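Some notes on the structure that comes next.
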Amino acid sequence: MAKATHSPESGADTLLKLIARSGSLEFDSEREGVWIEVIRKMDEVYSDLLRYEVDLEHKNAELEEAQAFVTNVIESVSDILVVCDARGTVQQANSAFQRTSGRLLADIVGRNIADMIDSEHRGKLALLLTPRSGAEVVDGELRFASAAGSSDLFAINSSPRHDHRGRFIGVVLTGRPIGELRRAYEALHKAHQELQRAQRQLVEQEKMASLGRLVAGVAHELNNPISFVYGNIHTLMRYRTALVGYLDAIHEQPVADDVAALRNDLRIDAILEDFGPLIEGTLEGAVRISEIVKNLRRLSFSKLGEVERVNIERLINTAVLWAGRTKQHRVDIQIEVEPDLWISGNEGQLHQVIVNLVENAIDAMRSTELPRLVVTAARQGGEVLFRIADNGPGIDKDHLSHIFEPFFTTKRVGEGTGLGLWISYGIVREHGGELSATTEPQGGATFSFALPAA
């Protein structure tokens, strides 16, 4: 076998051609093994190069796709986006900023952002470009300059940019126009002010209407005791005339029989007997008027008045008597009070509560054929339970949740102010109780409350 005369430096292509010619070259075993190893290594390197080239093409395609995606997203954002270096030179901007500034991208990139900001707002730019570490975001408001003049006001967010070593290299500015939003807020604020003004007018109108109902109710409430006092005064005037005639006759020293006859004719004994009840009734009427006037102050729910021991039996009897006098139609009123019941509180205020509840019950039974009202007071543990129950039509379920609200009433105009139950509810609360109302299954309404026993 002839030995090869070609050197390794003659090239792989020549070598491969020589090898391809079967039998044209002969190697000894040592040199043949070396050349086979060289050819194998070259083949591996060539395969790696092909694989790396394919991978590089795939990576390049993915990078182009990612870049196109990011560019598409940036261009699709309606907010403006501007990338600046540390000196404020624009490096990139989206279409929204191009439209806002009225410039093409070629006219924006490479220019300082300050050249594209309204002159009155350039002083605010320094804060947005301030170098900072971390991801601190700075907010501001800017107007941009364009060929058409100043742009709308933008709310700007400035986010810092850093390189791989953490050095500050610039900022990313994003912004959204707030002029339209501000105008909307101003319109909303104006509409809110108009609504508040209209609401105040409605409240004032309602106050005047409520005041009218209150005055009518108070006038009706005062009319009864005033009429009672007025009638008593007229009776006392007649009695005075009779007493003056009788005393004049005595001073003239007539015969004893004549004095006795005159005493009988003038009904002096009956007058003297009636004097006490008349004076008590007149005084009670005057006190009642005073209490009504004082109760007007209770509309503001002032603090509890003077506390005293109150006899429940006397309280209920007096209140029911007064409430019954104000009504035209007759009602069978039953009073069931345990003896020796006492509580601590303001007797005038509690009197008003019982009167209000009894009057409401009597009014509710106008159309009832045999009206009956039961007023009870009994000890229940350490409390005294009050119940005012009638056999009227009861309380509509839709009204139960509103009956203690001020100015709520089911009565006709001029018959009630809608304040009686509200005042009563407040008085009971001040005395440590809770006024409640229920409609009984068999018909009728029951108002009840419990107060601590004295």
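What you see is a predicted model; the values in this text were computed from it and never measured.
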Is it the case that atom CZ in Arg103 sees more than 12 heavy atoms from other parts of the structure closer than 6.0 Å?
yes
Are there over 12 heavy-atom neighbours, none belonging to Arg161, within less than 6.0 Å of that residue's CZ?
yes
Locate the shortest heavy-atom distance separating [X] from [Y]; write the atom from each residue and the value.
| X | Y | answer |
| --- | --- | --- |
| Ile343 | Pro452 | CG2-O, 3.6 Å |
| Trp342 | Ile312 | N-CG1, 4.1 Å |
| Thr368 | Gly392 | OG1-CA, 3.6 Å |
| Cys84 | Leu173 | SG-CD1, 4.4 Å |

Give a yes or no on whether a salt bridge exists between [X] and [Y], defined as a side-chain N under 4.0 angstrom from a carboxylate O.
| X | Y | value |
| --- | --- | --- |
| Glu434 | Arg429 | yes |
| Arg40 | Asp43 | no |
| Glu347 | Arg314 | yes |

Using a distance-only test with no angle check, is there a side-chain donor-acceptor pair under 3.5 angstrom linking [X] and [Y]?
| X | Y | value |
| --- | --- | --- |
| Asp118 | Ser150 | yes |
| Arg132 | Ser158 | yes |
| Glu62 | His58 | no |
| Gln352 | Asn356 | yes |

May I ask you to decide if Asp115's main-chain N or O and Asn112's side chain share a donor-acceptor pair within less than 3.5 Å?
no
Answer yes or no: is there a side-chain heavy-atom contact under 4.5 Å between Glu37 and Lys41?
yes
Would you please indicate yes or no on a ring centroid separation below 6.0 angstrom for Phe97 and Phe144?
yes
